[in-house]
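As structure tokens, the structure follows; a few thoughts come after it.
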Amino acid sequence: MPRKKIALIGAGMIGGTLAHLAALKRLGDVVLFDVIEGLPQGKALDLLEAGPIEGYDCKITGTNRYDEIAGADVAIVTAGVARKPGMSRDDLLGINAKVVTDVANHLKSHAPAAFVIVVTNPLDAMVTLMKRVTGFPKQRVVGQAGVLDSSRYRCFVALELGVSVESVSAMVLGGHGDDMVPVRSYCQVGGVPVEKLIPADRLEAIEKRTRNAGGEVVALLKTGSAYYSPAAAAIQMAEAYLFDKKQILPCAALLEGEYGVRGVYAGVPVQIGAGGVERIVEIELTEKERKEFGASVDHVKELVSAMDKVLGKN
Ligand code: APR
């Protein structure tokens, strides 16, 4: 059976970490693409040289030429700029919209069958743009946000209770911005609703920290944004697709009536398998969560309008 091919568009902090994880997890052959000469080639060579120690023998190629991604099964897009302290994800809109348009045009011609996972921020607008420019079916264009935000929520709940992160299940839905929605009513620890274990004021604080978790890392790093956790999240989505896992994961998917929303990308639980986004799972939210989800979706719509202005569409 031929190996799967994973194209990583953007060989920066997340791109390099994605390549490392893809090799360690034996997902397939990896092609790292970037516009900076030498950067993807250098990272690819460094990773190849770790192969004998780690025991992976996949091909890892670094390139500045799009024809090398031809026939990719999965494309994970991190091309663009990351935030610096004091910036919101939305501040990246202008520059990253142009980058993602360029990337989408190349994916369309060189990797027309790929399952595309967008990571570049502001995520909800960038995944909308990717879908529009490629014209790929909605099942094959998805945004990475919810897996990461949910992992952050799970991490903070586990720290609070001193339990394993594996015992905590949680979902963060809506847009990948400051108004994302940690869904408390579905957060459980060993099957027990979190509200029975953590008092409401502490849960408020944990949810606030979850919403600001990306910013917390940016403020500490000062030179860029988080990369280990976004890469881990995107790899989990790629694995679900490549191994037809039919895993339910919170991802930014195109809503066409689900949750009462039409024509907007937002974070919802989806089933990922060989068919890509095979199903959108509709869960019942509390009144408060429904309102918060609505506000978050409104923010995504505003962001997409702002993007259209930047791109000269309005
Ligand atoms: N085509 C391909 N790659 C590009 C392009 C382009 N048109 N423009 C920029 N890049 C590359 C840069 O050269 C850089 O190597 O994208 C890479 C981005 O890497 P980093 O700056 O290290 O950013 P990273 O931390 O990986 O984050 C990437 O993901 O989570 C989001 O907010 C984050 O938007 C940011 C993106």
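Counting begins at 1 with the first residue of the sequence. Ligands are counted one by one from 1 in listed order, and the atoms in each one are counted from 1 as well.
No side-chain N or O of H299 forms a donor-acceptor pair with one of D178 less than 3.5 Å apart. For the residue pair D67/H110, the side-chain donor-acceptor check at 3.5 Å is not satisfied.
Nearest-heavy-atom check against atom 24 (P) of ligand 1 across T101, I14, N64 picks out I14. Looking at A79, P230, P122, A234 and measuring to atom 4 (C) of ligand 1, the nearest heavy atom belongs to A79.
Shortest contact from atom 13 (O) of ligand 1 to any protein heavy atom: D34 OD1, 2.7 Å. Looking at atom 1 (N) of ligand 1, its nearest protein heavy atom turns out to be V35 CG1, 3.5 Å. Nearest non-hydrogen protein atom to atom 22 (O) of ligand 1 is M13 N, 2.8 Å. Looking at atom 9 (C) of ligand 1, its nearest protein heavy atom turns out to be G80 N, 3.6 Å. In this structure, the protein non-hydrogen atom closest to atom 19 (O) of ligand 1 is G12 CA, 3.3 Å. Considering only non-hydrogen protein atoms, atom 33 (C) of ligand 1 sits nearest to N121 ND2, 3.8 Å. If you check which protein heavy atom lies closest to atom 28 (C) of ligand 1, you get T78 O, 3.0 Å.
For ligand 1, the atoms closer than 4.0 angstrom to any heavy atom of N96 are 34 (O). Under a 4.0 Å criterion applied to the non-hydrogen atoms of V81, ligand 1 contributes the atoms 34 (O), 35 (C). Proximity to V99 (heavy-atom distance under 4.0 Å) selects the following atoms of ligand 1: 5 (C), 6 (C), 7 (N), 8 (N). Taking a cut-off of under 4.0 Å to the non-hydrogen atoms of D102, the atoms of ligand 1 that pass are 7 (N). Each of the atoms 15 (O) of ligand 1 lies under 4.0 Å from some heavy atom of L39. In summary, the atoms of ligand 1 found under 4.0 Å from a heavy atom of A82, numbered by their order in the structure, are 23 (O), 25 (O), 27 (O), 35 (C).
The ring pair (Phe, Tyr, Trp, His ring centres under 6.0 Å) search around F156 returns none, not counting sequence neighbours.
Evaluation of the ring-ring contact (aromatic ring centres under 6.0 Å, His included) test over residues 83-104, restricted to residues two or more places apart or in two chains, returns none.
E289 contributes atom CD, which lies 13.0 Å from atom OG of S296 (distance to the nearest 0.5 angstrom). With rounding to the nearest 0.5 Å, the separation of CG in L18 from CG in L27 is 10.0 Å.
Side chain of N105 to main chain of D102: no donor-acceptor pair is present (N/O by atom type, distance under 3.5 Å, no hydrogens or angles).
Within the structure, the closest approach of G224 to ligand 1 does not fall below 4.0 Å when heavy atoms are considered.
Note on M180: it does not cluster hydrophobically with L255, by side-chain heavy-atom contacts below 4.5 Å among ILVMFWY residues. No path of Ile, Leu, Val, Met, Phe, Trp and Tyr side chains, each step under 4.5 Å between heavy atoms, connects V141 with L148, placing them in separate hydrophobic clusters.
Only one option out of R202, K288, R184 pairs with E207 in a salt bridge (Lys or Arg N to Asp or Glu O under 4.0 Å); it is R184.
If you look at I36 next to ligand 1, the close heavy atoms, those under 4.0 Å, all belong to the side chain. Here L123 has no heavy atoms under 4.0 Å from ligand 1, in either its backbone or its side chain.
In this structure, the side chains of N96 and M126 come closer than 4.5 Å at one or more pairs of heavy atoms.
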